[in-house]
Amino acid sequence: MFVVATAGHVDHGKSTLVRALTGMEPDRWAEERRRGMTIDLGFAWTTLPSRGTVAFVDVPGHERFVPNMLAGVGPVPAALIVVAADEGWMPQSAEHLAALDALGVAYGLLAVTRADLADPGPATARARAEIAETSLGAVPAVAVSGLTGAGLPQLRAALDRLAAQLPAPALDDPVRLWVDRSFTVRGSGTVVTGTLGAGRLRVGDELELAGADEPVRVRGLHSLGEARPEAAAVARVAVNLRGTPRDRLGRGDALLTPGRFHHTDLVDVRLAGDPAADLPATLTLHVGSAAVPVRVRPLGPDTVRLRLARPLPLLVGDRALLRDPGRHHVSGGVRVLDVAPPPLGRRGAAAARAQVLAELDGRPDLAGELRRRRLIRAGALIRMGVPVHAEPVAGDWLADPAHWRRLGEQLTEEVARHAREHPLEPGMPVDALRQRLALPDRVLVEALVRPPLRIHAGRVGAASANALPEPVALAVQRVRAEYGDRPFRAPEADRLVDLGLGPREIGAAVRAGALLRLADNVVLLPDALDDAVRVLAGLPQPFTLSAARQALDTTRRVAVPLLELLDRRGATRRLPDDARIVVT
Ligand SMILES: Nc1nc2c(ncn2[C@@H]2O[C@H](COP(=O)(O)OP(=O)(O)OP(=O)(O)O)[C@@H](O)[C@H]2O)c(=O)[nH]1
Ligand SMILES: [Mg+2]
């Protein structure tokens, strides 16, 4: 199936033509038939000579109903532009064409109707010239009469050729079905209709509806008037939703593949063509079937920030149009550059932002997004419409490669600094590192740790520290053997020399956590600290240095620095009179 929207000035014969082609009545309302004028969108379809199906979204031409027209053409990629031979190019011919151009519609046909009333030549020439200036380019033209049927076979053949030109729909893309109608069917409940431009819908699918806490479920599907288990783009579809009240949704809402769209009320966009210098501060943004008031903040020569009155599921690269409802004027097309732009708080932020936007063209660009955002979850990028084809650095986090390298270097520096400042601690706690590097998730810290660093017991330190050179390991074992039963006696300096424990060896043993250094040439086994606290806690509090020395069965050489270390660690507290207490 392919879907075409009509376009053209009021009374130029759009609905008559659709009726003649399909045998169906596009003017659904009694009031429309009474007034001989389309007010809201109409839907009809027919089989083409090639056996393909064309579905029409018939739009109203009257200037009052341009918003309805825009809701119809928004999601449709092809247009049938209708101009009456006897009246020629008229204001809404121009406004509708401007809308198609703003939306970037690239496929279309010109039907010059009422050719039984006047020579179609001049209207054809003028219309083709106007259309050639837009995104539609040179389009085939057919003169027809909805009254006599003249030209209809040629128009059907032209529709067939147009259908063959359209790009294949992206069937694996997520669904974003812009609702153009909603109504209630007795016994079935709420039904919505729309043009499915990409993806597939199946009965039983769960879909997301903006503002709804819970997913909605597809209870039934119709396309071309028939119930179907599945519908694939491109298609006109009617979706019966289980358990969703009718007043929950209407035109401008969208049914979405869950988790694939970012609902945003702030977008940075590029204005198409020659942007008017005096763009009003408030306009209406039309995208899909939605129309939302926006506040416009100019940034660069052709870029603006739009604040939407309500959030919409927008993607990078979306086309939309801005219209001034007061002046009945399409202000121009926009292309969405960023659906999650940074706030512009600081002075000069807007100018800096304009420079960034000048480089963007609305084509999703993973490398660029990573450069600008530095670290972001894959899911967040996908929801912006940026396909992710890069390996996460950790979990589902993606990183800009240069930023990630810098973080790795910073981490090494932080760990080294921490080791200098806290030589007795076995590495830097992962959480402290996360904060120092301002990382949003601990898995990122863990992923940044590379040999010779490693994570042990929630801390990041040098892995080599644990693999002591063998002579040092042996020397430490001998210390353990000799001093294990008098843990607060430190080997004398000459004993350390005998054991082969010079300053370098002691340093390595300390980094490995095999020895505890209290002062130059004063080392204990590492468990001594906890043991000391236990012994001291058994003393009457407060206690003096000499009482501690005796209880620990050691010398001043050990007791003084040991107590000072315990003070630093907060295990003991020194009182003004130099006595201490154990902090519990
Ligand atoms: N003679 C003649 N009259 C036509 C032809 N096409 C449409 N008409 C008449 O023109 C009038 C308007 O036709 P519609 O089909 O309602 O026009 P429309 O473009 O759908 O109008 P809106 O939807 O209100 O914008 C009707 O009275 C039609 O009968 C044609 O090819 N020949
Ligand atoms: Mg009509």
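Each ligand, and each atom within it, is numbered from 1 in the order the structure gives. Only heavy atoms go into these numbers, but all of them, side chains included; no hydrogens, no water, no symmetry mates. Quantities reported herein were computed from a predicted structural model and do not represent experimental measurements.
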Using a plain distance cutoff, I'd like to know if [X] has any nitrogen or oxygen under 3.5 Å from a nitrogen or oxygen of ligand 1.
X: R114; result: yes
X: G13; result: yes
X: M37; result: no
X: D27; result: no

Return the CG to CZ distance between D172 and R200, rounded to the nearest 0.5 Å. 6.5 Å

Interatomic distance, CZ@R307 vs CZ@R305, rounded to 0.5 Å, equals 8.0 Å

Check each atom of ligand 1 against the heavy atoms of [X] and keep those under 4.0 Å away; list them by number with element.
X: S15; answer: 15 (O), 18 (P), 20 (O), 23 (O)
X: D116; answer: 1 (N), 2 (C), 30 (C), 31 (O), 32 (N)
X: V10; answer: 24 (O), 25 (O)
X: S145; answer: 31 (O), 32 (N)

Could [X] and [Y] be called an ion pair, given the rule that one side-chain N must be under 4.0 Å from one carboxylate O?
X: R335; Y: D302; result: no
X: R377; Y: D396; result: yes
X: D27; Y: R35; result: no

Among all protein non-hydrogen atoms, which one is nearest to [atom], and what is the separation to 0.1 Å?
atom: atom 16 (O) of ligand 1; answer: G36 O, 3.9 Å
atom: atom 21 (O) of ligand 1; answer: D11 N, 2.9 Å
atom: atom 15 (O) of ligand 1; answer: T16 OG1, 2.5 Å

If we count only N and O atoms by modelled type, under 3.5 Å, do the side chains of [X] and [Y] hold a donor and an acceptor together?
X: D58; Y: T6; value: yes
X: S50; Y: D160; value: yes
X: R236; Y: T195; value: yes

Mark yes when over 12 heavy atoms from residues, nucleotides or ligands other than R374 sit less than 6.0 Å from its CZ; otherwise mark no. no

Right, does atom 24 (O) of ligand 1 have protein non-hydrogen atoms nearer than 4.0 Å? yes

Just to be sure I'm reading this right: ignoring hydrogens, which of G42, A150, G146, G151 gets closest to atom 31 (O) of ligand 1? Compare them by their nearest heavy atoms. G146

Of the choices R33, R19, K14, E87, which has the non-hydrogen atom that lies closest to atom 19 (O) of ligand 1? K14

Does any N, O or S atom of S15, backbone or side chain, fall under 2.8 Å from the Mg ion (ligand 2)? yes

Strictly under 2.8 Å, is the Mg ion (ligand 2) approached by any N, O or S atom of T38? yes

Just one of H96, H9, E63 clears the side-chain contact (heavy atoms from CB on, under 4.5 Å) bar with P91, so which one? H9

